[in-house]
Trainee: 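The structure follows.
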Number of protein chains: 2
Amino acid sequence: MIDRMETRRKSSIGRPRGFDTEEALERAMRVFWEQGYEGASLADLTNAMGITRTSMYAAFGNKEDLFRKALERYTEGPASYADRAQREPTARQVATAFLNGSVWATTRPGCPAGCFGVQGSLAAGDPGRSARDALIAWRNEGTLRLCGRFQRAIDEGDLPPDTDPELLARYLMTVANGIAVQAASGATRDELQQVADMALRSWPPA
Amino acid sequence: MIDRMETRRKSSIGRPRGFDTEEALERAMRVFWEQGYEGASLADLTNAMGITRTSMYAAFGNKEDLFRKALERYTEGPASYADRAQREPTARQVATAFLNGSVWATTRPGCPAGCFGVQGSLAAGDPGRSARDALIAWRNEGTLRLCGRFQRAIDEGDLPPDTDPELLARYLMTVANGIAVQAASGATRDELQQVADMALRSWPPA
DNA sequence: GCACATCTGAATCGATCGGTACGGAAGGGG
DNA sequence: CCCCTTCCGTACCGATCGATTCAGATGTGC
């Protein structure tokens, strides 16, 4: 009852866990991704994970914790393009990689269409408010990281000194969010790639 | 039991309704807008509407019908900027009015932040799937109408003949959807107006 | 005033919600 | 081997879900 909600086990004594927590989390992530926090019931989740309620609670804590861990996995998995984009050498390449990555991630065959960080919980009632707030923070952190990267680009002379890094970051995040919504609406990868290309046409000249 | 789900009453006999259906629908719209279809419980809705469950069912049918009627009201109310934008004389003015309107509508003081057509139901489980599909259709219809408007602009010589009207329409809808998500994330009207202005910089020259 | 259609409110429906308690099964350390 | 810890499946918890039923109140048309 103390800290059993940790995914990692603290000792090797006792019967070992009978399922792969990483794979179970992957399955849970996809359910949240597809149905959202409030739309995903415990029955949906445990069914997809292939385990019982009890095992889920022992391994992950509760539904909210499971959602947060699924978000972490999403960040390091399908959304890892964001991290990679940050490491591109120029601001323009960062922007291009970021939008291309968002197109790619939101239209991956075999994965739900759209972005976990958007449709996981955009609006919610009381019980799902904490999940919604977690995603709001997640999106805003992404914007902030982009902003910091563009500030660096300004300092390095890669962008004009009168550039507004916040605007650039918010612009990119806005387009990426829109791409996610469009992907959830059935837009294809090709169509969204064209949109991303067009969005980059308003990027400040290198 | 036949068609009592109509908002309009078919006869004047009997006890008249004790509440204003339009105002009740307005209140319901805001609840769906703020909490989404699945996040809005009957208790939330009827509480905000100031009526009982029974009155709601008698006047609107059921939760799903109420949602559809709320969407109609949203279309003709807060989202009426889309219709108005279509009637602008040039394609560029259409695009400008559309994005400006979306910024304005998603950040209206006294209204929930964001767009009903996006956060009303972006992802959902089985029970909310029909609401989700209704909003998908709603967004795609908006794109289609923009596309038709830009096709007309091409025919009129307002846009170059090699323009892809679908791409322009999808681009605008993508940016508007992104603006909605950003508004739901706490972005201010000024910030989003800057984003909209920047998005229009990639518009084909007049 | 009468008869009737409709509205209203409370009580209730079965189903499902997220979350738990319990007991048997199963594996590791001595 | 035994003990002990942990896992796992079932059955169940109170609360809430959307939806309905029913009696009583209320207003309209005759």
Trainee: Just how far, in rounded Å, is C1' of D:dT16 from CD of A:Glu38?
Mentor: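 So the two atoms are 13 Å apart, to the nearest Å.
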
Trainee: Just the rounded figure in Å: distance from C1' of D:dC8 to CZ of A:Arg17.
Mentor: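 After rounding, the reported distance stands at 12 Å.
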
Trainee: So does A:Ser55 get a side-chain nitrogen or oxygen closer than 4.0 Å to the phosphate oxygens (OP1/OP2) of D:dC7?
Mentor: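 So the side-chain polar atoms of A:Ser55 never come under 4.0 Å of the phosphate oxygens OP1 or OP2 of D:dC7.
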
Trainee: In a check of side-chain contact (heavy atoms from CB on, under 4.5 Å) between B:Phe98 and each of B:Met173, B:Gln93, B:Arg84, B:Arg149, which one passes?
Mentor: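 It is B:Met173, the one option of B:Met173, B:Gln93, B:Arg84, B:Arg149 that forms the side-chain contact (heavy atoms from CB on, under 4.5 Å) with B:Phe98.
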
Trainee: Measure CD/B:Glu64 against C1'/D:dG18 and give the value in whole Å, please.
Mentor: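 Distance, rounded to whole Å: 12 Å.
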
Trainee: What side-chain donor-acceptor pairs closer than 3.5 Å can you find for residues 175-185 of chain A, not counting sequence neighbours?
Mentor:
from, atom 1, to, atom 2, distance (Å)
A:Asn177, OD1, B:Gln182, NE2, 2.9
A:Gln182, NE2, B:Asn177, OD1, 2.9
A:Ser185, OG, A:Val181, O, 2.8
A:Ser185, OG, B:Arg139, NE, 2.9
A:Ser185, OG, B:Arg139, NH2, 3.0

Trainee: Using Watson-Crick and G-U wobble pairs whose two distances are both under 3.5 Å, how do you write the pairing of DNA chain D as dot-bracket, with | for links to another strand?
Mentor: ||||||||||||||||||||||||||||||

Trainee: Which nucleotide wins on minimum distance to the side chain of B:Tyr57, given the candidates D:dC8, C:dT20, D:dG18?
Mentor: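 Ranking D:dC8, C:dT20, D:dG18 by closest atom to the B:Tyr57 side chain puts D:dG18 first.
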
Trainee: Could you name each residue pair satisfying ring-ring contact (aromatic ring centres under 6.0 Å, His included) that touches residues 99-137 of chain B, not counting sequence neighbours?
Mentor: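 Counting only pairs at least two positions apart or across chains, the ring-ring contact (aromatic ring centres under 6.0 Å, His included) contacts touching residues 99-137 of chain B are B:Phe67-B:Phe116, B:Tyr74-B:Phe116.
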
Trainee: Less than 4.0 Å between a side-chain N and a carboxylate O, is that true for B:Arg92 and B:Asp158?
Mentor: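 Salt bridge: no.
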
Trainee: Quick check for you: among C:dC17, C:dT8, D:dA19, whose closest atom lies nearest to any side-chain atom of B:Lys63?
Mentor: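 The nucleotide sitting nearest to the side chain is D:dA19.
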
Trainee: Rounded to whole Å, please give me the gap between CG in B:Asp126 and C1' in C:dC17.
Mentor: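 Rounded to whole Å, this separation is 15 Å.
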
Trainee: Over how many whole Å does the gap from B:Met56 atom CE to C:dT6 atom P extend?
Mentor: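 Result: 20 Å.
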
Trainee: To the nearest angstrom, how far is A:Leu42 atom CG from D:dG9 atom P?
Mentor: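 Atom CG in A:Leu42 sits about 15 Å away from atom P in D:dG9.
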
Trainee: By nearest atom, which of the nucleotides D:dG18, C:dC17, C:dT8 is closest to the B:Phe19 side chain?
Mentor: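 Of all the options, the side chain of B:Phe19 is nearest to C:dT8.
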
Trainee: May I have the distance from A:Asp44 (atom CG) to C:dC17 (atom P), rounded to whole angstrom?
Mentor: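 In whole Å, C:dC17 P lies 7 Å from A:Asp44 CG.
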
Trainee: What nucleotide, of D:dT28, C:dG18, D:dC8, holds the atom closest to the side chain of B:Pro16?
Mentor: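 Per side-chain heavy atoms of B:Pro16, the pick is D:dT28.
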
Trainee: Hey, does the side-chain of B:Thr52 have a donor or acceptor N/O within less than 3.5 Å of a partner on the base of C:dA10?
Mentor: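 No such pair is found, so the answer is no.
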
Trainee: Taking donor-acceptor contacts at under 3.5 Å, does the side chain of A:Thr54 reach the base of D:dT10?
Mentor: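 Side chain to base: pair found, below 3.5 Å.
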
Trainee: Taking only Lys NZ, Arg NE, NH1 and NH2, and the carboxylate oxygens of Asp or Glu, determine whether B:Arg30 and B:Glu26 approach each other closer than 4.0 Å.
Mentor: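 A salt bridge links B:Arg30 with B:Glu26.
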
Trainee: Between A:Arg27 (side chain only) and A:Ala48 (backbone N and O only), is there a donor and an acceptor less than 3.5 Å apart?
Mentor: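 Side chain of A:Arg27 to backbone of A:Ala48, a donor-acceptor pair under 3.5 Å: yes, one is there.
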
Trainee: Would one find a side-chain N or O of A:Arg53 under 4.0 angstrom from OP1 or OP2 of C:dG19?
Mentor: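 No, A:Arg53 has no side-chain N/O under 4.0 Å of OP1/OP2 on C:dG19.
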
Trainee: Please report the distance, rounded to the nearest Å, between CG in B:Asp65 and C1' in D:dG18.
Mentor: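 Checked: the CG to C1' distance equals 13 Å.
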
Trainee: Report yes or no: does B:Lys69 contribute a side-chain atom to a donor-acceptor pair with the main-chain N or O of B:Met29 at less than 3.5 Å?
Mentor: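 No, B:Lys69 side chain to B:Met29 backbone: no donor-acceptor pair under 3.5 Å.
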
